[in-house]
Number of protein chains: 4
Amino acid sequence: MARGINKVILVGNLGNDPETKYTQGGMAVTTISLATTSVRKDKDGQTQERTEWHRVKFFGKLGEIAGEYLRKGSQCYVEGSIRYDKFTGADGVEKYFTDIVADEMQMLGGRAEGGGAPRREFSGGGEARQSRPSQPQGGAPRREAAPAKANDFGADFADDDIPF
Amino acid sequence: MARGINKVILVGNLGNDPETKYTQGGMAVTTISLATTSVRKDKDGQTQERTEWHRVKFFGKLGEIAGEYLRKGSQCYVEGSIRYDKFTGADGVEKYFTDIVADEMQMLGGRAEGGGAPRREFSGGGEARQSRPSQPQGGAPRREAAPAKANDFGADFADDDIPF
Amino acid sequence: MARGINKVILVGNLGNDPETKYTQGGMAVTTISLATTSVRKDKDGQTQERTEWHRVKFFGKLGEIAGEYLRKGSQCYVEGSIRYDKFTGADGVEKYFTDIVADEMQMLGGRAEGGGAPRREFSGGGEARQSRPSQPQGGAPRREAAPAKANDFGADFADDDIPF
Amino acid sequence: MARGINKVILVGNLGNDPETKYTQGGMAVTTISLATTSVRKDKDGQTQERTEWHRVKFFGKLGEIAGEYLRKGSQCYVEGSIRYDKFTGADGVEKYFTDIVADEMQMLGGRAEGGGAPRREFSGGGEARQSRPSQPQGGAPRREAAPAKANDFGADFADDDIPF
DNA sequence: TTTT
DNA sequence: TTTT
């Protein structure tokens, strides 16, 4: 029984290759940095560009797909919600993070620039929510080993998953 | 020539009355705190609630409307984009802010609870982008005086507009 | 592996009470007529209103919730996709229908006006996707009896479900 | 003062080259046919594909841009609203049309397939709402001549703009 | 047919 | 801090 709508729709390009980690429960958590650029005229008629870098997180199966098929430069569609988090560091200083938690992802046309690892041909999109190619291929494998200890979905994150 | 889509859609309730400031150029900048709550079942089958508090900013005419008609408890629809900002405080510490910059707002049904100042009857919507009632009424006036010195749209903000 | 995004977001009011039917498989299919009104200035500076009446369909559990809690006049948020259908009538004439197939619904504040049947207090939302009150109450029951013969989800529709 | 939200977001591919007409007032009206495909599993576990063909209309400057840069096969993002129209033909039969009226368009990566007319390199998008390349190039010109008689924006459509 |  |  949610109260309210918290919806984000992004189309942008990755600034770097995705990073995938695994929770103690073995759930993939992939993070990407996605750029969206807007342009406006300022008061002097000058064109002003501004790029937002969104930190987008994909969990579970969607995290595996994002980690395998997205690359630096990839263009993709993301739908999700905004999540604001606060952590207190060892120095006692509070740090704030804003993430987009993805519900859906689609790869869009356009060539990635990830160097020697040509991504699987996946043109025209391929909705990540519903299917997953059974035989990932191409380039170096993206998956890091999942922790041996597998718990339930929703288990605590591994230590190195703290975001700062 | 924007590159990418950065779109946010929110439906939520205000946690407080709006705050309206004015730039040196006389442009209204209204900020609200908008709650959206989601619910999920955790691994133990327990219902977990989580509320995100979005800081939403309205500029110009939309800022005036938001400042006049929204109140603590009001339910509204907001469409806009995400903007990430970083400021360095006097202490040299960097602070990060995430705002939703609104493009459109609609008031939704439901009664505000702003105490003695019954807001103008406006239930069921009234698209803020396009029209503005000529005679605001009801309760204490919401508008703070705009700075006497009016510059162009896009002028620098007054000192007290620094967000920390 | 969908190719493309087909997403609709509506906030509007119901022009009539919902209509719920059941497939042979026992799945609820609720249809509402939802109004959204836009306003623009024409070339003479005259304000022109235009209302679109969206035919929105809710299936399964969401269909049951929509049928029970929405009423004529209710304001709600709907998220879904557009579906275009063509049927050939007994007279050989093709008929076209456009539906919004809802994925999510939230009731918004505002009072319904469905006569003597005060709807359950549910104002301010209540995400239909996730929960369903166990004891519907108030007014005349909304549910028509589901067909005794229950098949699988996705079964053929009953005869009277043909949309013309 | 709109009442309600009527928003459509599409990402899809054009099934044909765009068609551009002009109103008596000289306003470009470009129509495209945009495919979005969804996939679901039916009750037998079979994968079912379904493609919706959206008729999307672009008016004014956006119509000119869409007509010049989109081609059969192009992938694009469209944001707009749904409009339902009814016309009565000379035979007295009512015909119904559903259009998506675009507010915004962005070309997405991916190669168009429009034969010999390579579209201008426009990778990564290029928001149609805000700017327009000053020197369109490549292939045969897409613009048909605008009617000599230019009226105000919003003028009646030419006869051949009737949609059936 | 709703709503304001 | 809202709302249910």
Side-chain angles (χ1 to χ4, degrees), chain A residues 1-6 84, chain B residues 10-19 31-39 47 49-56 65 69-78 106-115 119-128 130-133, chain C residues 10-19 31-39 47 49-56 69-78 106-115 119-128 130-133, chain D residues 1-6 84 86:
Chain A
M1 188 173 356
R3 294 181 292 281
I5 298 294
N6 171 2
Y84 308 98
Chain B
L10 304 174
V11 174
N13 294 274
L14 279 76
N16 283 302
D17 283 349
E19 293 184 12
T31 304
I32 65 170
S33 190
L34 193 71
T36 60
T37 300
S38 60
V39 178
T47 293
E49 277 206 1
R50 186 185 158 105
T51 296
E52 306 302 330
W53 287 98
H54 308 269
R55 190 167 78 160
V56 182
I65 295 166
Y69 296 109
L70 294 177
R71 285 295 174 277
K72 178 178 180 175
S74 297
Q75 187 182 36
C76 69
Y77 169 96
V78 168
Q106 272 195 39
M107 298 180 64
L108 300 173
R111 297 294 167 267
E113 299 172 354
R119 64 182 175 79
R120 181 188 175 82
E121 194 52 71
F122 217 68
S123 63
E127 188 181 35
Q130 307 197 39
S131 77
R132 180 188 164 195
Chain C
L10 304 174
V11 174
N13 294 275
L14 279 76
N16 283 301
D17 282 350
E19 292 183 12
T31 304
I32 65 168
S33 190
L34 193 70
T36 60
T37 301
S38 60
V39 179
T47 293
E49 276 206 0
R50 184 185 159 104
T51 296
E52 308 301 331
W53 286 99
H54 308 269
R55 191 167 76 159
V56 182
Y69 296 109
L70 295 177
R71 286 294 174 277
K72 178 178 180 176
S74 297
Q75 186 182 37
C76 70
Y77 169 95
V78 168
Q106 270 195 39
M107 300 181 63
L108 301 174
R111 296 295 167 267
E113 298 171 357
R119 66 182 173 78
R120 181 188 173 82
E121 195 52 74
F122 218 67
S123 62
E127 189 182 33
Q130 307 197 37
S131 77
R132 180 185 164 199
Chain D
M1 187 172 358
R3 292 182 293 282
I5 298 294
N6 171 0
Y84 309 98
K86 181 176 70 176

Restricting to side chain to side chain donor-acceptor pair (under 3.5 Å), what partner residues turn up for B:Thr31, sequence neighbours left out? none
Between NE2 of C:His54 and P of E:dT2 the distance, given in whole Å, is 16 Å
Round to a whole Å and report the spacing from CD of C:Glu19 to P of E:dT1. 14 Å
Nearest-neighbour nucleotide for the B:Asn13 side chain, F:dT2, F:dT1, E:dT2 considered: F:dT2
Against the side chain of C:Asn16, the closest entry in E:dT1, F:dT1, E:dT2 is E:dT1
Rounded to the nearest Å, what distance is computed from the CG atom of residue B:Leu108 to the C1' atom of nucleotide E:dT2? 15 Å
Please give, in whole Å, the distance from F:dT2 C1' to B:Glu49 CD? 12 Å
List in chain and number order the residues that pass side chain to side chain donor-acceptor pair (under 3.5 Å) with C:Thr51, two or more places apart in sequence or in another chain; answer none if no residue qualifies. C:Thr37
Report the distance from atom CD of C:Gln75 to atom P of E:dT1, rounded to the nearest whole Å. 21 Å
Please report the distance, rounded to the nearest Å, between CZ in C:Arg71 and P in E:dT3. 14 Å
Sub-4.5 Å side-chain heavy-atom contact between B:Ser38 and A:Asn6: no
Categorize C:Thr51 for me: base, sugar-phosphate, or nothing, with a 4.0 angstrom heavy-atom threshold over every strand shown. base
Take the protein atom CG of B:Asp17 and the nucleotide atom C1' of F:dT3, then report the distance between them rounded to whole Å. 15 Å
Which nucleotide in the list F:dT4, F:dT2, E:dT1 gets nearest to the side chain of A:Arg3? F:dT4
Using the rule for Phe, Tyr, His and the six-membered ring of Trp, do C:Trp53 and E:dT1 stack at under 5.5 Å and under 30°? yes
Below 4.5 Å, heavy atoms only, C-beta onward: do C:Asn13 and D:Arg3 meet side chain to side chain? no
Return the value, rounded to whole Å, for the distance between atom CZ of B:Arg50 and atom C1' of F:dT1. 16 Å
